[in-house]
Amino acid sequence: MRMLASIIGSMAFLLSSHISFAAGMNHGTAGPSPITTLIQSPSVPFRYALGMSDFRSKCSSCHGQWAEGVAKTGPPLIHRFYEPSHHGDAAFYRAARNGTKQHHWNFGDMPPVEDISEKQIANIIRFIRWWQQQNGIQ
């Protein structure tokens, strides 16, 4: 029941949220600027809603509500560096499970995500890959 309430809450958030980004913003990194144009108020298909909810609870404090990155905390996942041909699903899984050394960005090492299940990681990866496609990253 709590999971259903979480999904409904996430869907309600989607209906009320708007995203705006300044062109060329850099997130305080020495690396390249992240993608600057994200789809406004996306309609997340139901099959990705649980992944979005898991992402929000486990990843968004560092990677942003829409994977746009957080200044001084974590890189954007909506960036060509994280396209499937460069960082495959296994890389996302290992990063969530084991953490990863800093690369591409200057945010420091990523620690393992605490209390995350394999199912949650799989849901998150499906959501991120869908969201990347919606933003032209394939």
Side-chain angles (χ1 to χ4, degrees):
M1 201 51 139
R2 285 186 353 189
M3 186 179 303
L4 181 59
S6 176
I7 291 171
I8 292 170
S10 295
M11 299 309 267
F13 175 81
L14 279 175
L15 294 174
S16 65
S17 66
H18 293 279
I19 307 166
S20 61
F21 295 94
M25 74 180 187
N26 186 296
H27 288 288
T29 68
S33 294
I35 195 167
T36 57
T37 305
L38 296 178
I39 295 171
Q40 303 293 312
S41 299
S43 176
V44 177
F46 183 76
R47 67 182 167 270
Y48 303 113
L50 190 54
M52 181 191 70
S53 177
D54 290 337
F55 179 84
R56 294 266 168 89
S57 69
K58 299 292 185 179
C59 311
S60 66
S61 63
C62 293
H63 293 289
Q65 290 292 306
W66 291 103
E68 75 277 12
V70 175
K72 300 181 184 179
T73 308
L77 301 178
I78 306 303
H79 191 281
R80 62 184 167 76
F81 283 160
Y82 296 103
E83 66 189 9
S85 64
H86 187 70
H87 283 87
D89 293 354
F92 278 86
Y93 181 86
R94 282 190 308 275
R97 180 62 68 208
N98 305 319
T100 189
K101 294 286 186 191
Q102 171 183 301
H103 59 289
H104 299 306
W105 312 97
N106 294 322
F107 292 103
D109 296 344
M110 176 184 157
V113 178
E114 294 183 21
D115 301 319
I116 193 166
S117 71
E118 289 186 28
K119 182 69 172 167
Q120 287 174 310
I121 296 171
N123 290 338
I124 290 167
I125 291 170
R126 276 193 301 275
F127 166 70
I128 290 297
R129 293 304 188 198
W130 170 81
W131 187 224
Q132 288 175 330
Q133 287 179 348
Q134 300 307 301
N135 285 280
I137 297 169
Q138 309 204 18

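Heavy atoms only: backbone and side chains are in, while hydrogens, waters and symmetry mates are out. What you see is a predicted model, and the numbers here were worked out from it, not measured in a lab.
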**Prompt:** Which residues satisfy the side-chain contact (heavy atoms from CB on, under 4.5 Å) test with S117, sequence neighbours excluded?
**Reply:** K119, Q120
**Request:** With sequence neighbours excluded, tell me which residues meet side-chain contact (heavy atoms from CB on, under 4.5 Å) with S61.
**Result:** none
**Request:** Verify whether the ring centers belonging to H104 and H86 lie closer than 6.0 Å.
**Result:** yes
**Request:** Would you please name every residue forming a salt bridge (Lys or Arg N to Asp or Glu O under 4.0 Å) with R126, sequence neighbours left out?
**Result:** none
**Item:** For K101, all residues meeting side-chain contact (heavy atoms from CB on, under 4.5 Å), sequence neighbours excluded
**Value:** D109
**Request:** Supply the atom-to-atom distance I128 CD1 to M52 CE, rounded to the nearest 0.5 angstrom.
**Result:** 11.0 Å
**Asked** Out of curiosity, N98 CG to M110 CE, how far, rounded to the nearest 0.5 Å?
**Response** 9.5 Å
**Request:** Just jot down the side chain to side chain donor-acceptor pair (under 3.5 Å) partners of Q133, sequence neighbours excluded, or say none.
**Result:** none
**Complete:** In this structure, CD1 of I116 is separated from CG of N123 (nearest 0.5 Å) by 9.5 Å
**Prompt:** How about C62 and V70: do any of their side-chain heavy atoms sit closer than 4.5 Å?
**Reply:** no
**Prompt:** Can you tell me how far CD1 of I121 sits from CG of D89, rounded to the nearest 0.5 angstrom?
**Reply:** 11.5 Å
**Request:** Take I137 and W131 through the side chain to side chain contact (heavy atoms under 4.5 Å, CB included) test and state the conclusion after the steps.
**Result:** CA-CA 9 Å; I137 297 169; W131 187 224; over 6 Å; no
**Prompt:** Among all residues two or more places apart in sequence or in another chain, which pass the ring pair (Phe, Tyr, Trp, His ring centres under 6.0 Å) test with Y48?
**Reply:** W130
**Message:** Show the nearest heavy-atom pair for residues P84 and R129, with the distance to one decimal.
**Reply:** N-NH1, 3.5 Å
**Message:** Quiz question: by atom type and distance under 3.5 Å, do the side chains of H103 and H87 form a donor-acceptor pair?
**Reply:** yes
**Message:** So, taking the atom named CD1 in I78 and the one named NE2 in H63, what distance separates them when rounded to the nearest 0.5 Å?
**Reply:** 11.0 Å
**Prompt:** Hey, mind stepping through F55 and L77 against side chain to side chain contact (heavy atoms under 4.5 Å, CB included) and telling me if it holds?
**Reply:** CA-CA 11 Å; F55 179 84; L77 301 178; 3.9 Å; yes
**Request:** Could you tell me the separation between the NZ atom of K58 and the CD atom of E114, rounded to the nearest 0.5 Å?
**Result:** 8.0 Å
**Request:** Please name the pair of heavy atoms, one in S60 and one in Q65, separated by the smallest distance, quoted to 0.1 Å.
**Result:** OG-NE2, 3.2 Å
**Request:** Indicate the atoms forming the closest heavy-atom contact of P75 with Y82, along with that distance.
**Result:** CG-OH, 3.6 Å
